[in-house]
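Numbering of ligands and ligand atoms starts at 1, following listing order. Sequence positions, counted from 1, serve as the residue numbers for this chain.
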Amino acid sequence: MDYEHVREVDPAVADALVGEVDRQRSSLQMIASENHVSEAVLEAQSSVLTNKYAEGYPGARYYGGCEYADEIENLAIERAKELWGAEHVNVQPHSGTQANQGVYYAMLEPGDRILSMELDHGGHLSHGHPANFTGQLYDVEQYVVDAETGRIDFEDVKTKAEAHDPDVIVSGYSAYPREVEWERFQEIAEDVGTYHLADIAHITGLVAGGVHENPVGTADFVTGSTHKTIRAGRGGIIMTSEEHADEIDSAVFPGGQGGPLMHNVAGKAVGFKEALEPEFEEYAQQVVANAKALADRLQDHGLRVVSGGTDVHLVLVDLRGSHPDLSGGTAEEALEDAGIVLNANTVPDETRPPFDPSGIRIGTPALTSRGFDEDDHRTVADLIVEVLDDPEDEDVRAEVLEDVAALCEANPLYE
Ligand code: DSN
């Protein structure tokens, strides 16, 4: 990965690309929404399909020369159907947010009402945050997690669904460490006569790998990202029944997007093929086993882990319990200096500003792709705590950086 063609044209960008390869190789990527895709996915994503316009859908394009684009998009669709058991799949959304936009645009009118989880409690910007188009175009009501248990407060969901008559209820989250009970949401949605959108952006791979219950076939619409736990090309996906197929397809193109990013669709097809292999189930199991090992060890060190553990690929730490004077932002910076890359995150009942909240979110998908196991994650937990206990101490950070280097060397990336 020396980017020699880029270097001939643009040494500054080549240097930055080589720097990024080195950064990913030599530090621990623990941002829960990130992963390391295979070289096959990288190759497909950087293919000549970046040159191709293919507005429309396979067999019905607005441009000529789409025979290979059709073949690839059909492969992505068929593989997605097999992975998640969906009747209808649209693989063109440019991202998870664009996938959600496709569903809202298909099913809602401006001013309609979304019922979703608060961002501080684990929700996502595209579920109705005031700074996002969803908060500006739609009326938004929000539910929360139970303050004691850190788990979805279904009484709150039900009460708000009955009181506010939403046009869609959104489940699925960015920072929720527990299994989501899709059927309970579906029951509430059916009781109040509304749609249910399950956003599985973070957990597409866990669902495909059989370690999280699948909402496809239960929820009316399921959206996802394709580059997170599923480890395919970058972008989004929408899954639904035949009943809503045309509305969804028209909402994505021409409703909300122009030409599909066919190089990304190729990356999706290749990643989905990899995820159909039996090894992917082992990967998904290991992602969760690693997160559990990490959560347990952090708790052994006295850290407050939201909900007391995890069922998924991430651990949410509320620093107010063990490190009341340490903000998430300061923790994030100190850890990055020590070679551990994660993000500051809001926690339920947040008391600090969103740019410098009280928590950190720690994910295991990328390290698991590198081959890290539970023992490695216990070691990583120890290193995280060393830094959190002394965030100002440069010597501690330098020592941790050396341990990180050894872990990276033992689990090489993109050799
Ligand atoms: N940026 C993603 C995350 O980190 O959760 C969501 O879009």
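Heavy-atom contacts of Arg361 reach the following atoms of ligand 1: 3 (C), 4 (O), 5 (O) (cutoff under 4.0 Å). Of all atoms in ligand 1, listed by their number and element, those nearer than 4.0 Å to a heavy atom of Ser174 are 5 (O).
Contact annotation for Glu34 and ligand 1: no heavy atom of the residue comes within less than 4.0 Å of the ligand.
Closest to atom 5 (O) of ligand 1 among all protein heavy atoms lies His202 NE2, 2.7 Å. Ranking protein heavy atoms by distance to atom 6 (C) of ligand 1, first place goes to His124 NE2, 3.3 Å. In terms of protein heavy-atom proximity, atom 1 (N) of ligand 1 is closest to Ser33 OG, 4.2 Å.
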Salt bridge (charged side-chain N to carboxylate O under 4.0 Å, His left out) assessment of Arg184 paired with Glu187 | CA-CA 5 Å; Arg184 293 185 75 178; Glu187 261 171 45; over 6 Å; no
Show your reasoning for whether salt bridge (charged side-chain N to carboxylate O under 4.0 Å, His left out) applies to Arg113 and Asp167.
-> CA-CA 5 Å; Arg113 187 164 297 141; Asp167 297 286; over 6 Å; no
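Residue Glu148 places its CD atom among 12 or fewer non-hydrogen atoms of other residues, nucleotides or ligands, all under 6.0 Å distant.
No close placement of the His244 and His88 rings is indicated, their centers lying 6.0 Å or farther apart.
The aromatic rings of His36 and Tyr414 sit perpendicular to each other, their planes meeting at more than 60°, with 30° as the lower class boundary.
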